[in-house]
Amino acid sequence: MSPDQVYPPREDTYLLARAAISEAGESDFVLEVGTGSGYIARSLQESGIRVLATDINPHAVKAARSEGLDVVRTDLFMGIRGPFDLVVFNPPYLPTRAEERIDDWLECALDGGPDGRSVIRQFAEEVSGHLSPGGRVLILVSSVTGFEEVMALFRKQGFQVDIYQKERVYDEDLVVLKCSMKTGG
Amino acid sequence: MKRSLLPILCCPTCKGDLVLSVVEEDESEILEGSLYCSACGVSYPITEGIPDLLPRKKNI
């Protein structure tokens with residue numbers, strides 16, 4: 001394994017893990033997309049929650065499996081059907097220009113495309129097809145990526161979006177957004 | 001991967017069902033094997049307990 005090719009748990013990871021543990025019900029089946037080190041999924045599993053973890057990075061899936069998790073290597077929802085009661089995602093969100101790309105596995109955990117929202121946009125378009133009725137999404141967003149813009153992406157897909165938790169880390173605000181499918185709509 | 005995961009997984013290309021083949025299994029899960037999509041004619045490997053469901057070309 002190459003640990004330097006896997007995003008290590010940081011403030012954003014801990015914030016999303018706390019939110020996920022608080023949100024997940026004991027009978028929920030949770031999907032963590034882009035699990036990286038597996039920290040969030042393992043925190044859920046240790047709380048007695050059933051969880052499946054995915055990542056595109058071959059080093060990350062090995063790291064997550066060594067934490068005792070059920071792991072699938074895939075790209076967002078490609079090989080995943082569901083349904084899940086809760087989907088948790090700490091996405092790559094750093095705005096990255098083409099000439100800044102270095103093309104390694106760790107970059108998959110960071111590179112959000114030119115506006116930082118490329119992966120989030122695709123995730124927002126696809127996630128509802130993998131949720132059970134009443135299913136929810138928890139996603140971490142940074143002020144670097146734009147809260148309003150990300151909230152708009154999910155509202156466009158028919159989600160009700162609320163700020164679940166917020167934390168200031170150095171010069172960056174981190175929020176966890178909770179996206180719920182509107183019922184009866 | 002645990003056998004119970006099979007209904008949750010699908011072919012990453014056509015989203016169809018996958019057929020499980022087991023090479024090595026312990027008391028709790030499948031360690032080596034494959035997931036085959038008959039519609040696409042593609043076999044996705046399970047290695048060290050991890051299914052790899054990234055799109056790939058048809059097997060020879």
Side-chain angles (χ1 to χ4, degrees), chain A residues 1-2 6 27-38 41 45 49-87 105 108 119 122-123 125-132 135, chain B:
Chain A
M1 195 183 76
S2 309
V6 179
S27 62
D28 278 352
F29 185 22
V30 181
L31 173 68
E32 191 197 2
V33 174
T35 194
S37 67
Q45 189 160 285
I49 309 289
R50 187 183 175 212
V51 54
L52 175 65
T54 69
D55 209 294
I56 192 171
N57 175 344
H59 307 290
V61 289
K62 282 183 189 169
R65 183 174 154 79
S66 72
E67 297 288 337
L69 294 161
D70 287 334
V71 178
V72 175
R73 184 181 180 210
T74 197
D75 185 3
L76 289 180
F77 298 103
M78 271 192 152
I80 305 293
R81 196 170 266 165
F84 301 92
D85 305 296
L86 179 65
V87 177
W105 282 112
C108 287
V119 180
Q122 191 187 344
F123 174 88
E125 286 168 3
E126 295 179 7
V127 65
S128 65
H130 305 274
L131 289 173
S132 57
Chain B
M1 66 167 263
K2 296 192 182 76
R3 280 179 182 268
S4 60
L5 280 182
L6 187 59
I8 293 154
L9 306 179
C10 63
C11 171
T13 303
C14 77
K15 309 296 175 193
D17 291 341
L18 296 166
V19 179
L20 172 67
S21 299
V22 177
V23 174
E24 188 187 350
E25 185 173 12
D26 67 14
E27 59 282 353
S28 63
E29 61 177 344
I30 298 137
L31 299 172
E32 302 289 330
S34 66
L35 295 162
Y36 179 68
C37 173
S38 56
C40 297
V42 173
S43 187
Y44 301 94
I46 302 169
T47 312
E48 297 175 30
I50 303 171
D52 185 338
L53 291 175
L54 287 174
R56 61 187 62 218
K57 293 206 172 71
K58 191 168 176 167
N59 304 63
I60 306 145

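A note on names: the letters A, B, ... follow the listed sequences, proteins ahead of strands, and every chain is numbered from 1. In this text, all values refer to a predicted model and were calculated from it rather than measured experimentally.
Closest of all the heavy-atom pairs between B:Ile50 and A:Val61 is CD1-O, 3.6 Å. Nearest heavy-atom pair, B:Leu54 versus A:Asp75, reported as atom, atom and distance to 0.1 Å: CD2-N, 3.6 Å.
To the nearest 0.5 Å, the span separating CG on B:Leu53 from OG1 on A:Thr54 amounts to 10.5 Å. Atom CD1 of B:Ile46 is separated from atom CZ of A:Arg73 by 14.5 Å, given to the nearest 0.5 angstrom.
Only the backbone of A:Phe77 comes within less than 4.5 Å of a heavy atom in chain B; its side chain stays farther off. With a 4.5 Å cut-off on non-hydrogen atoms, A:Leu52 touches chain B through its side chain but not through its backbone.
Residues of residues 4-15 of chain B having a heavy atom under 4.5 Å from any heavy atom of chain A, listed by number: B:Ser4, B:Leu5, B:Pro7, B:Ile8, B:Leu9, B:Cys10, B:Cys11, B:Pro12, B:Lys15. Proximity to chain A among residues 22-32 of chain B is limited to B:Glu29, B:Leu31, judged by heavy-atom separations below 4.5 angstrom.
Between A:Val72 and B:Met1 there is no side-chain heavy-atom pair separated by less than 4.5 Å.
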Discussion item. Let's go through B:Asp17 and A:Arg81 carefully: what are the C-alpha distance in whole Å and the side-chain angles of both, what is the deciding distance for side-chain contact (heavy atoms from CB on, under 4.5 Å) to 0.1 Å, and is it a yes or a no?
Written reply: CA-CA 10 Å; B:Asp17 291 341; A:Arg81 196 170 266 165; 2.9 Å; yes
